[in-house]
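What follows is a single structure, written as structure tokens, with notes after it.
Since we're looking at a predicted model, the values are computed, not measured. Note that these values count all heavy atoms, side chains included, but never hydrogens, waters or copies made by symmetry.
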Amino acid sequence: MPISELLTSSPLALTLFALLLGLCVGSFLNVLIHRLPIMLDRDWTTQSREMLGLPPEPAGATYNLLLPHSECPHCAHKIRAWENIPVVSYLMLRGKCSSCRAKISLRYPLVELATGILSAFVVYHFGLGWEAAAFLVLTWGLLAMSLIDADHQLLPDVLVLPLLWLGLIVNGQGLFTNLYDALWGAVAGYLSLWLVYWAFKLITGKEGMGYGDFKLLAMLGAWGGWQILPLTILLSSLVGAVLGVIMLRMRNAQTSTPIPFGPYLAIAGWIALLWGDQITTSYMQFAGFQ
């Protein structure tokens, strides 16, 4: 039986295929999450030196998402193909480098596993079609952006803006909502947090969030329309407040310590896109409005 026919006729085979695909994508996301901030920092440094009229720094070795090949950060051992199988290699190596036996961060297999599980769920939820394909790209992008923001308090335009445009494009065909709602979702998403930012800054004299958060909410609005924005903001605020306090206590940090808001927006937006209507309807019924 051809693979395409098998995937079409068997939901289990389709879900397993999505799981394997997600595991492989998760391996790439590990590279993206680690290298993209370094690439951006080097690019910003180069541009700054040009603007200041300073001589360029000596050209170093090629550094991008493909080169140099992955290696152990402790002993520079080149990672071989069999050592780079998502999740499986980590288990086979018992979480240690095959050369120097230094510990491999547990985060790598967790990212791969999370990407695989989320991918399988998305395909199970939507079935085989353009909705699943588009939502997979969004899910992978949100996961990468969330972890980059958690590490560096940075939501790269190179990830956020293409996904914003993609949301408008897919909704040009009415994939998740109509283009009118998607357009105003992007506008309202940006302006809502922009207004909060300036109100907070005028009152306290401090910056409460970064411009990347505005763009991320605009991107989510472009995918789900303006209707998902209230729920997204509410859920992200609640989750951010609870987890933020827990994280500060665990780290013994001060309340003034910056906490990235991007991951909470991403989680809340992902939930709102999938179950926003059901959550809103259930709340209205519980509150007695229906």
Side-chain angles (χ1 to χ4, degrees), residues 25-26 28-44 47 64-65 111 114-115 118-119 122 133-172 175-177 179 181-198 207-233 235-237 239-240 258-274 276:
V25 172
F28 171 74
L29 291 185
N30 275 321
V31 176
L32 177 70
I33 293 163
H34 174 73
R35 296 192 182 189
L36 182 59
I38 297 174
M39 293 164 56
L40 292 175
D41 183 69
R42 293 183 178 185
D43 186 52
W44 294 333
Q47 294 181 29
N64 52 42
L65 297 180
V111 170
T115 309
L118 290 174
S119 300
V122 166
F135 210 86
L136 280 175
V137 175
L138 175 63
T139 301
W140 299 337
L142 288 174
L143 183 56
M145 286 185 285
S146 296
L147 291 174
I148 290 174
D149 195 30
D151 288 342
H152 304 280
Q153 296 182 23
L154 170 69
L155 289 167
D157 284 351
V158 70
L159 295 180
V160 179
L161 296 184
L163 280 174
L164 189 156
W165 284 108
L166 181 60
L168 293 175
I169 291 171
V170 299
N171 284 323
L175 209 58
F176 299 103
T177 187
L179 183 58
D181 288 344
L183 173 63
W184 285 106
V187 173
Y190 188 92
L191 288 179
S192 59
L193 290 188
W194 182 84
L195 291 172
V196 171
Y197 167 87
W198 279 107
E207 296 184 356
M209 62 181 66
Y211 277 68
D213 297 321
F214 315 162
K215 300 171 189 176
L216 177 55
L217 189 58
M219 185 203 77
L220 293 169
W223 279 81
W226 59 268
Q227 294 89 340
I228 74 163
L229 296 179
L231 180 60
T232 300
I233 294 173
L235 287 177
S236 60
S237 299
V239 174
I259 298 176
F261 191 48
Y264 308 124
L265 277 176
I267 295 170
W270 194 83
I271 292 173
L273 279 163
L274 288 175

- Message: Using 0.5 Å steps for rounding, measure from the CZ atom of Phe135 to the CG atom of Leu118.
- Response: 10.0 Å
- Task: Starting at CG of Leu273, measure out to CG of Leu138 and round the result to the nearest 0.5 Å.
- Result: 6.5 Å
- All salt bridge (charged side-chain N to carboxylate O under 4.0 Å, His left out) counterparts of Asp157, not counting sequence neighbours: Lys215
- Item | Minimum heavy-atom distance between Met145 and Leu155, given as atom pair plus value | O-CD2, 3.7 Å
- Task: To the nearest 0.5 Å, tell me how far Trp194 CH2 sits from Asp213 CG.
- Result: 15.5 Å
Pairs of donor and acceptor atoms involving the side chains of residues 220-233, under 3.5 Å and at least two apart or interchain, shall be tabulated with distances.
from, atom 1, to, atom 2, distance (Å)
Trp223, NE1, Leu163, O, 2.8
Trp226, NE1, Asp181, OD1, 3.1
Gln227, NE2, Asp181, OD2, 2.9
Thr232, OG1, Ile228, O, 2.7

- Task: List the atom of Val170, the atom of Ala134, and the distance in Å for their closest heavy-atom pair.
- Result: CG1-CB, 4.3 Å
- Item | Closest approach of Val160 to Leu216 (non-hydrogen atoms, all atoms of both residues) | CG1-N, 3.9 Å
- Once you round to the nearest 0.5 Å, how far does CG of Leu29 lie from CG of Leu36? 11.5 Å
- Message: Measuring from atom CD of Gln153 to atom CD1 of Ile148, what distance do you get when rounded to the nearest 0.5 angstrom?
- Response: 13.5 Å
- Leu179: side chain to side chain contact (heavy atoms under 4.5 Å, CB included) partners, not counting sequence neighbours: none
- Message: With a 3.5 Å distance limit and no angle check, can you tell me whether Asn171 reaches the backbone of Gly167 through a side-chain donor-acceptor pair?
- Response: yes
Identify each donor-acceptor pair in which a side-chain atom of residues 260-270 lies under 3.5 Å from a protein atom, sequence neighbours left out, and give them as a table.
from, atom 1, to, atom 2, distance (Å)
Trp270, NE1, Thr139, OG1, 2.9

- Item | Pairs meeting criterion side chain to side chain donor-acceptor pair (under 3.5 Å) with involvement of residues 28-41, two or more places apart | none
- Does Ser119 have any side chain to side chain contact (heavy atoms under 4.5 Å, CB included) partners at least two apart in sequence or in another chain, and if so, which? Thr115, Leu136, Trp140
- Query: Where is the tightest heavy-atom contact between Ser192 and Leu217, given as atom of each residue plus distance?
  - Reply: OG-CD2, 3.5 Å
- Message: Just to verify, what does Tyr211 make a ring-ring contact (aromatic ring centres under 6.0 Å, His included) with, not counting sequence neighbours?
- Response: Tyr197, Phe214
- Could you pull out all residues at least two apart from Asp151 that satisfy salt bridge (charged side-chain N to carboxylate O under 4.0 Å, His left out)? Arg107
